[in-house]
**Student:** 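Structure provided below as structure tokens; questions to follow.
We count residues from 1, following the sequence as given.
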Amino acid sequence: MSDFMEFGQEFDERVVEIARVAKVVKGGRRFSFRVTVVTGDNRGNVGVGTGKANSVPDAMRKASERSRKDMRKVSLFGTTIPHEVTGRVGGAMVLLKPASPGTGVIAGGGVRAVLEAAGISDILTKSLRSNNLLNVVYATMDALEQLKSPQDVAAMRGKTLKDVTPFWERRKNG
């Protein structure tokens, strides 16, 4: 059981995709449903899960359980992300750029669901190459996992936080 699955904790669950998929067997096609769910706590934790079953409710339950188990901590910088990052999965590529407060979430379907569930409210995004929704969602997760906080970067380089923070942020903070 994950540390994020504390009793009574409310999660923001979003169904990203419900697809009917087929398996070809000797007698023809056998159909089932694949559901993709994004779960987040709106405070920097987000997970993606996929479930497959013969009925939509069962697939949804499986996807929800898997997304809760898969939750990961995302490095946030206020209401945006600390730096620009690109995530890649299969043929899908997602570019995430930090935005100033008040910008909002400039993103399409799957990318928007992941970012809003993570609690990011100001960000610019671009989905490149593949339109495969499943790969776009996982590419967004890949990008979010690559984020490093300014504190982590400073510690990794053996410098102070002031040395790694860009000029405009230092000016804004004092």
**Student:** Let me see the working for Val114 and Val46 under side chain to side chain contact (heavy atoms under 4.5 Å, CB included), right down to the final yes or no.
**Tutor:** CA-CA 7 Å; Val114 173; Val46 67; 4.2 Å; yes
**Student:** Residues in salt bridge (charged side-chain N to carboxylate O under 4.0 Å, His left out) with Arg112, at least two apart?
**Tutor:** Glu116
**Student:** Using a 3.5 Å distance criterion without hydrogens, assess whether the side chain of Lys62 forms a donor-acceptor pair with backbone atoms of Lys52.
**Tutor:** yes
**Student:** More than 12 heavy atoms of other residues, nucleotides or ligands under 6.0 Å from CG of Asn131: is that the case?
**Tutor:** no
**Student:** When you compare the side chain of Thr79 with that of Ile120, does any pair of heavy atoms fall below 4.5 Å?
**Tutor:** no
**Student:** How long is the gap from CG on Asp142 to CG on Leu144, to the nearest 0.5 Å?
**Tutor:** 9.0 Å
**Student:** Rounded to the nearest 0.5 Å, how far apart are CZ of Arg14 and OG1 of Thr36?
**Tutor:** 15.0 Å
**Student:** May I ask you to test the Thr140-Leu115 pair for a side-chain heavy-atom distance under 4.5 Å?
**Tutor:** yes
**Student:** For Ser32 and Asn54, which I'm curious about, is there any donor-acceptor pair between the side chains at under 3.5 Å?
**Tutor:** no
**Student:** Going from OG on Ser121 to CG on Asn42, what distance comes out if it is rounded to the nearest 0.5 angstrom?
**Tutor:** 10.0 Å
**Student:** Of the non-hydrogen atoms in Met141 and Val48, which two are nearest, and what is the gap between them?
**Tutor:** CG-CG2, 3.4 Å
**Student:** Within a 6.0 Å radius of atom CZ on Arg129, are there more than 12 heavy atoms belonging to other residues, nucleotides or ligands?
**Tutor:** yes
**Student:** If you draw the axis of the six-membered ring of Phe33, does the NZ or CZ of Arg20 fall within 45° of it and under 6.0 Å from the ring centre?
**Tutor:** no
**Student:** Where do Arg43 and Leu76 come nearest, in terms of heavy atoms and distance?
**Tutor:** C-CD1, 4.3 Å
**Student:** List the atom pairs, with distances to 0.1 Å, where a side-chain N or O of residues 85-111 and a protein N or O form a donor-acceptor pair under 3.5 Å, not counting sequence neighbours.
**Tutor:**
| from | atom 1 | to | atom 2 | distance (Å) |
| --- | --- | --- | --- | --- |
| Ser100 | OG | Thr103 | OG1 | 3.4 |
| Thr103 | OG1 | Ser100 | O | 2.6 |

**Student:** When you check the gap from the basic side-chain N to the acidic O, do Asp70 and Arg72 get nearer than 4.0 Å?
**Tutor:** yes
**Student:** In terms of hydrophobic clusters joined by side-chain contacts under 4.5 Å, are Val56 and Val15 together?
**Tutor:** yes
**Student:** Check whether any side-chain N or O of His83 sits under 3.5 Å from a backbone N or O of Leu147 as a donor-acceptor pair, and report yes or no.
**Tutor:** no
**Student:** Do Ser67 and Glu13 have side-chain N/O donor and acceptor atoms under 3.5 Å apart?
**Tutor:** no
**Student:** Indicate whether the side chain of Tyr138 and that of Thr50 have a donor and an acceptor atom separated by less than 3.5 Å.
**Tutor:** yes
**Student:** Work out which heavy atom in Pro82 is nearest to a heavy atom in Ser75; give both atom names and the distance.
**Tutor:** CD-O, 3.3 Å
**Student:** Linking I/L/V/M/F/W/Y whenever their side-chain heavy atoms sit closer than 4.5 Å, directly or via other members, would Val136 and Val37 fall into one cluster?
**Tutor:** no
**Student:** Taking the basic N atoms (NZ, or NE/NH1/NH2) and the acidic carboxylate oxygens, is any pair closer than 4.0 Å for Arg61 and Glu65?
**Tutor:** yes
**Student:** Enter the distance from Arg68:CZ to Asp41:CG here, rounded to the nearest 0.5 Å.
**Tutor:** 11.0 Å
**Student:** Same cluster or not: Val16 versus Met71, using hydrophobic residues (I, L, V, M, F, W, Y) connected whenever any side-chain heavy atoms lie under 4.5 Å apart?
**Tutor:** no
